[in-house]
2 protein chains.
Amino acid sequence: MVEKQYGCPVEVTLDVIGGKWKCVILWWLRRGARRFNELIQLIPGISRKVLTAQLRQLETDGLIHRQAFQVSPPRVEYSLTVYGETLRPITELMCDWGKVHAPEFRFGVIYLRSLRVLVIATDLTSQRIEGELGEFRDANVTVASLMTALENWSQIRPEVVIVDFALDEDFSPLRPQLETSAEDPQASIPAIALVANSQHRERALAQGFQIQLMEPVEIPELVAEIANLTGRLD
Amino acid sequence: MVEKQYGCPVEVTLDVIGGKWKCVILWWLRRGARRFNELIQLIPGISRKVLTAQLRQLETDGLIHRQAFQVSPPRVEYSLTVYGETLRPITELMCDWGKVHAPEFRFGVIYLRSLRVLVIATDLTSQRIEGELGEFRDANVTVASLMTALENWSQIRPEVVIVDFALDEDFSPLRPQLETSAEDPQASIPAIALVANSQHRERALAQGFQIQLMEPVEIPELVAEIANLTGRLD
DNA sequence: TTCAATAGTTACCAAGTTGTTACCGACAGA
DNA sequence: TCTGTCGGTAACAACTTGGTAACTATTGAA
């Protein structure tokens, strides 16, 4: 085979992440593993065949890892390899540019029809989440302080709780309330912790939050996480 | 028209710089204007038609500016707009990634057959330039100190001179030598200044260097500049 | 037994992108 | 007058990418 001639290093990078979908897939994988059908939901317009093809290419290029679990129904998870992580700065920059230069667009195609979401966060974060989830995703968002939330729990009846560790509060009083949901006494209410550093991360872990998202969180990711937790990915 | 639905901000960016060529074009324009035929030479594999189409798209997206000069033969220059500049971090990152992750490839398709190049630079820079230009581009590279160069000027007979302002020397003693070339007494010898900061830049300007390249310089760019200056773009 | 769910594969076709070739028009120089 | 250069355009060809539909394998549940 003739060795390919490159005119500049950019062409090398484009060989690996060029095309319509690869950067988008890498972006969705950048915080952790995603399942095949999850990606189908998250990436509007992609077909199964094309997603398969792109994932295979990324895999043979060593950027992502495919892990199949022998369960029923089958479960396949894709995640970035260490090599794939090296491309993260690029996808992050592309994400930032897109946000800055297309504020007129809203992102995401997943709707949270009337889902009751409780947000306990700083004013700025609350505003952002309430605006995006309430206005665009059709969620039923309640913003409250920890105390107010606990007092009015039976009125709010949250199906998902988002707490912001930037508030520097002890959220363990929430735990009894989260352990049984109003609808299904067997199930617990999913809770998402927003963390900004490793101290937050540790405290969130200690206070029983399994799901954590690094701030500043991208709304499409937050919605994906909520949809995942509440089984609304369909 | 239906407003396009985006799943994440990366897709917005890809709408603008997606495709096989746009990032490469932006990369070549990132340090200044380039002519149409220059780009044809610099980007291996692109056809006139496709280059035209890509440039038009970049222009209508507001990323580049097209300036036509009413001379014969025609002259058209493309350069980044202020808006296009905002994408530079992305192309730079893609360039860096390509360099790091494909050290086995060499870049550029332009050869400098036996061109006599004199390099007056720090050891590191000299090595890099000598290695790349000598081994891969077929140039005839001489590395020397300013003093040695001046003493042996008639043996070296440089057709291009590259001086590195990181040496912190006064290069004005070169000027008389540069003013008339050995081949053509009418012409002067083109000289390229490598600068690393604005102080270097000012000193280079004061000492009469019109062509300056910011360090760390990309070899394909340096070669393009040399080819330009010596009329070897063919 | 049949159905449903996940995560695909295969065949075939459509659409979009990219590439090739030929040519244009103005002017410069031989 | 002839030829060459620059920066294109037009018509068409080829290649790549994407879409649809049908099919597969596994397992658990109804």
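Below, chains carry the letters A, B, ... as their sequence lines are ordered, and counting in each starts from 1.
Atom CG in B/Asp15 sits roughly 15 Å away from atom P in C/dG16 (whole-Å rounding). Between the CG atom of B/Leu14 and the P atom of C/dT17 there is a distance of 14 Å, rounded to whole Å. Rounded to a whole Å, the CD atom of A/Gln67 is 17 Å from the C1' atom of C/dG8. Rounding to whole angstrom units, CD1 of residue B/Ile40 and P of C/dT20 are separated by 11 Å. What separates CD1 of A/Ile46 from P of C/dG8 is a distance of 12 Å, to the nearest Å. For the pair A/Phe69 CZ and C/dA5 C1', the computed distance is 17 Å after rounding to whole Å. Remark: P of D/dT17 and NZ of B/Lys20 are 8 Å apart, rounded to the nearest angstrom. Between the CZ atom of B/Arg34 and the C1' atom of D/dC6 there is a distance of 18 Å, rounded to whole Å.
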- Going 5' to 3' along nucleotides 7-14 of chain D, which nucleotides have protein heavy atoms under 4.0 Å from the base (write B), which only from the sugar-phosphate (write S), and which from neither (write -)? BBB-BB--
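Under 4.0 Å is where a charged nitrogen must lie from a carboxylate oxygen, and between A/Arg30 and A/Glu221 at least one such pair does. Ion pairing between a basic and an acidic side chain is recognised when a charged N comes within 4.0 Å of a carboxylate O; B/Glu130 and B/Arg128 show no such pairing. Between B/Glu218 and B/Lys99 there is a salt bridge, since at least one side-chain N of the basic residue sits less than 4.0 Å from a carboxylate O of the acidic one.
No more than 12 heavy atoms of other residues, nucleotides or ligands lie within 6.0 Å of CD in B/Gln210, so this atom counts as exposed by the packing criterion.
Checked against the 6.0 Å centroid criterion, the rings of A/Phe209 and A/Phe165 qualify as a close aromatic pair.
Using a 4.0 Å cut-off, some side-chain N or O of A/Trp21 falls inside it from OP1 or OP2 of D/dG18. For A/Gln54 and D/dG18, the shortest distance from a side-chain N or O to OP1 or OP2 is below 4.0 Å.
Using modelled atom types and a 3.5 Å distance limit, the side chains of A/Arg175 and A/Gln207 yield no donor-acceptor pair. Defined by atom type and a distance below 3.5 Å, a donor-acceptor pair is missing between the side-chain atoms of A/Tyr78 and A/Arg34.
Counting any heavy atom pair closer than 4.0 Å across all strands shown, A/Gly18 reaches no nucleic acid atom.
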